[in-house]
K.L.:
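Starting off with a structure, shown below.
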Amino acid sequence: MRSETDSRPLFRTRTQVGIVGAGPAGLMLGHLLHLRGIQSFIIEDRSEEHVIERVRAGVLEQSTVDLMHEVGLGDRLSRLGLRHEGIHVAFDGRRHRIPLAELTGGRAITIYGQNEVVKDLIGARVASGEPLLFEVEDVGVAELDSHLPKIRFRLKGGLHEVTCDFIAGCDGSHGICQPSIPASHVKIYEHVYPFAWLGILADAPPSSEELVYSLHERGFALFSMRSPRVTRLYLQCAPDENIEDWPDEAIWAELMTRLRTRDGWAPNEGPVTQKSITRMRSVVVEPMNYGRLFLAGDAAHIVPPTGAKGLNLAMADVWRMAQGLDAFYRSGSDQVLRDYSARGLRRTWRAQRFAGWMTSALHRGGNDDAFEHPRQLAELEYLVSSRAAMTSLAESYVGGPLD
Ligand SMILES: Cc1cc2nc3c(=O)[nH]c(=O)nc-3n(C[C@H](O)[C@H](O)[C@H](O)COP(=O)(O)OP(=O)(O)OC[C@H]3O[C@@H](n4cnc5c(N)ncnc54)[C@H](O)[C@@H]3O)c2cc1C
């Protein structure tokens, strides 16, 4: 930040909406605003390559797919995305299919990596000619409760100040926007799960056309994919484990143990191209705004990845925020913006409910595990034998319309 005695020049810019963070939330918001003729200024503290290469979510809900098409970014998604009309739940050595589309009037999920979504959005931003700055440093936000909040940062040694009508905090779970809200104005709900996910990408053709969520007595495992040549797999592990302690052979052995079913199905093996461990937690920030700062995506909430909701919630947030900003600039009404947090929190808690349920049904090691495991098996038996229970899962998994 700039001090009183700092003699370096200060570059001042004016925009309508300043956006901190160029993940899916910030980039989609910038695009939605551009389509509505609203100016925005996006800053990101990592490099463009890093943002594109980061391996994260891969399951798009129906409404996220529809949104990508609506905003003119459906071409690559149509060509490369894999539409899945069902998922499998495996336990006791057997796989059971849940026909998502049949149970939800044709809604489905699409496998399309978050990095592909980000690539599409960066392409659109560059084509729009609107500002998108990577590798900025020392980002701060100020005067949030005024009508002209500011974003300040350094870029290549120069000091910059962007004066905005609104700031969108899209800077993820380790960003600076949410902590800039005075503690007396915000409540943070947090739940830390007693396990983590070890995830790998492997150059191996997927051996199932649909995802397989598995509960094994040694713990949870998930079979997924990114393309017809790349398999994505996850294992439940302890939260304090180091990835260096997991050689590839040990990962494959554990995956095979937990995923192989009695009919002989198992994942195909191949060279591991990426591996990491992610701790699991749930966070909800309430409210999602303070003054002229509005939070979206992981800056406002984190859901355990079991329900595949994080990226989709981020998209729903910025869709709603863009509606509110559009109404403000068109008619001067801030009613939609005033409802932004309450509507977002309703969707967020619904997602927390579902992701929490999926997590507790499929992971081992909670309290009283000796009792819990047979109870979990009874829960899964019920799930796959009841059309009502499968419909409940399917509705939440494919996600509701944007609201
Ligand atoms: C390892 C991992 C696996 C995941 N798997 C899944 C999954 O399978 N399914 C699912 O739905 N979700 C998954 N998620 C969650 C999903 O990836 C996130 O919900 C999604 O990235 C949220 O998008 P976002 O734009 O809100 O935040 P992010 O993608 O985190 O983007 C925030 C951006 O802000 C930038 N930033 C941070 N601080 C600053 C700053 N001070 N100044 C400027 N820029 C800043 C960051 O570099 C980043 O680019 C996973 C997350 C992780 C970490």
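Just so you know, ligand 1 is whichever comes first in the structure, and atom 1 is the first atom listed for that ligand.
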K.L.:
Give the residue, atom name and distance (to 0.1 Å) of the protein heavy atom nearest atom 25 (O) of ligand 1.
P.N.:
Ala25 N, 2.9 Å
K.L.:
Could an N or O of ligand 1 be found under 3.5 Å from any N or O of Pro305, whether backbone or side chain?
P.N.:
no
K.L.:
For ligand 1, which atoms, with element, lie under 4.0 Å from some heavy atom of Gly175?
P.N.:
38 (N)
K.L.:
Give me the residue, atom name and distance of the protein heavy atom closest to atom 45 (C) of ligand 1.
P.N.:
Asp45 OD1, 3.3 Å
K.L.:
Using heavy-atom distances only, which candidate in Arg56, Arg279, Glu61 approaches atom 51 (C) of ligand 1 most closely?
P.N.:
Arg56
K.L.:
Within a distance under 4.0 Å of any heavy atom of Gly310, pick out the atoms of ligand 1 and give their elements.
P.N.:
10 (C), 11 (O), 12 (N), 19 (O)
K.L.:
Could you check atom 16 (C) of ligand 1 against the protein and tell me its nearest heavy-atom contact, residue, atom and distance included?
P.N.:
Gln114 OE1, 3.5 Å
K.L.:
Just jot down the ligand 1 atoms closer than 4.0 angstrom to any heavy atom of Lys309, in number order.
P.N.:
11 (O)
K.L.:
Out of all atoms in ligand 1, which are within 4.0 Å of some heavy atom of Asp171? Include the element for each.
P.N.:
32 (C), 34 (O), 36 (N), 37 (C), 38 (N), 39 (C), 45 (C)
K.L.:
Taking atom CZ as the centre, does Arg14 end up with more than 12 heavy-atom neighbours from other residues, nucleotides or ligands that are less than 6.0 angstrom away?
P.N.:
yes
K.L.:
Hey, which of Val65, Val59, Asp120 is the one that makes side chain to side chain contact (heavy atoms under 4.5 Å, CB included) with Tyr112?
P.N.:
Asp120
K.L.:
Could you see which bit of Val139 sits under 4.0 Å from ligand 1, with heavy atoms only: side chain, backbone, both or neither?
P.N.:
side chain
K.L.:
Number the atoms of ligand 1 from 1 as they appear, then name those within less than 4.0 Å of a heavy atom of Arg46, with their elements.
P.N.:
47 (O)
K.L.:
Is ligand 1 less than 4.0 angstrom away from at least one heavy atom of Arg54?
P.N.:
yes
K.L.:
To the nearest 0.1 Å, how far is atom 26 (O) of ligand 1 from its closest protein heavy atom, and which atom is that?
P.N.:
Asp298 N, 2.9 Å
K.L.:
Ligand 1 versus Glu44, non-hydrogen atoms closer than 4.0 Å: side chain, backbone, both, neither?
P.N.:
both
K.L.:
Looking at Arg218, I'd like to know if its CZ atom is crowded, meaning that more than 12 non-hydrogen atoms belonging to other residues, nucleotides or ligands lie closer than 6.0 Å.
P.N.:
no
K.L.:
Pair His191, Tyr193 - check ring pair (Phe, Tyr, Trp, His ring centres under 6.0 Å), show working.
P.N.:
CA-CA 6 Å; His191 177 72; Tyr193 294 85; 4.6 Å; yes
K.L.:
Using heavy-atom distances only, which candidate in Ala57, Ala300, Gly21 approaches atom 6 (C) of ligand 1 most closely?
P.N.:
Ala57
K.L.:
Relative to the heavy atoms of Gly297, which atoms of ligand 1 are at a distance of less than 4.0 Å?
P.N.:
26 (O)
K.L.:
Is the ring pair Phe153/His160 parallel, tilted or perpendicular, if the boundaries are 30 and 60 degrees?
P.N.:
parallel
K.L.:
Can you report which non-hydrogen protein atom sits closest to atom 23 (O) of ligand 1, along with the distance?
P.N.:
Pro24 CD, 3.6 Å
K.L.:
Report, in ascending order of atom number, the atoms of ligand 1 lying under 4.0 Å from any heavy atom of Gly172.
P.N.:
27 (O), 30 (O), 32 (C)
K.L.:
Please check if atom CZ in Arg54 has more than 12 non-hydrogen atoms from other residues, nucleotides or ligands closer than 6.0 Å.
P.N.:
yes
K.L.:
Would Asp339 and Arg343 pass as an ion pair if we require N to O under 4.0 Å?
P.N.:
no
K.L.:
What protein heavy atom lies closest to atom 31 (O) of ligand 1? Include the residue and the distance to one decimal.
P.N.:
Gly23 CA, 3.4 Å
K.L.:
Are side-chain N/O atoms of Trp197 and Gln236 paired as donor and acceptor at under 3.5 Å?
P.N.:
no
K.L.:
So for ligand 1, is Ser173 a polar contact partner (N or O within less than 3.5 Å, distance only)?
P.N.:
no
K.L.:
Salt-bridged, Asp248 to Lys275, with N to O below 4.0 Å?
P.N.:
yes
K.L.:
Report the part of Val20 (side chain from C-beta onward, or backbone N, CA, C, O) that has a heavy atom under 4.0 Å from ligand 1; answer both or neither where that applies.
P.N.:
side chain
K.L.:
Do NZ/NE/NH1/NH2 and the carboxylate oxygens of Arg12 and Glu161 come within less than 4.0 Å?
P.N.:
yes
K.L.:
Is there a nitrogen or oxygen of His174 sitting under 3.5 Å from a nitrogen or oxygen of ligand 1?
P.N.:
no
K.L.:
Residue-level breakdown please: for Cys170 versus ligand 1, do any non-hydrogen atoms fall below 4.0 Å on the side chain, on the backbone, on both, or on neither?
P.N.:
backbone
K.L.:
Can you give me the closest heavy-atom contact between Leu235 and Ile251, atom names plus distance?
P.N.:
CD1-O, 4.2 Å
K.L.:
For a ring pair (Phe, Tyr, Trp, His ring centres under 6.0 Å) check, start with the C-alpha distance between Trp349 and Tyr189, then their side-chain angles and the critical distance, and finish with the verdict.
P.N.:
CA-CA 11 Å; Trp349 281 114; Tyr189 299 85; 5.4 Å; yes
K.L.:
Would Glu210 and His84 count as a side-chain hydrogen bond (donor to acceptor under 3.5 Å, both in side chains) if you check the C-alpha gap in whole Å, the side-chain angles of each, and the deciding distance to 0.1 Å?
P.N.:
CA-CA 6 Å; Glu210 295 173 338; His84 286 191; 5.9 Å; no
K.L.:
Look at the aromatic rings of Trp265 and Phe223 and report parallel, tilted or perpendicular, splitting at 30° and 60°.
P.N.:
perpendicular
K.L.:
Apply side-chain hydrogen bond (donor to acceptor under 3.5 Å, both in side chains) to the pair Arg292 and His147, showing each step before the final yes or no.
P.N.:
CA-CA 7 Å; Arg292 290 270 177 129; His147 285 285; 2.8 Å; yes
K.L.:
Among protein heavy atoms, which sits nearest to atom 1 (C) of ligand 1, and what does the distance come to when rounded to 0.1 Å?
P.N.:
Thr278 OG1, 3.2 Å
K.L.:
To which protein heavy atom is atom 41 (N) of ligand 1 closest, and what is the distance rounded to 0.1 Å?
P.N.:
Ile176 CG1, 3.6 Å
K.L.:
N/O to N/O below 3.5 Å, does that happen between Ala299 and ligand 1?
P.N.:
no
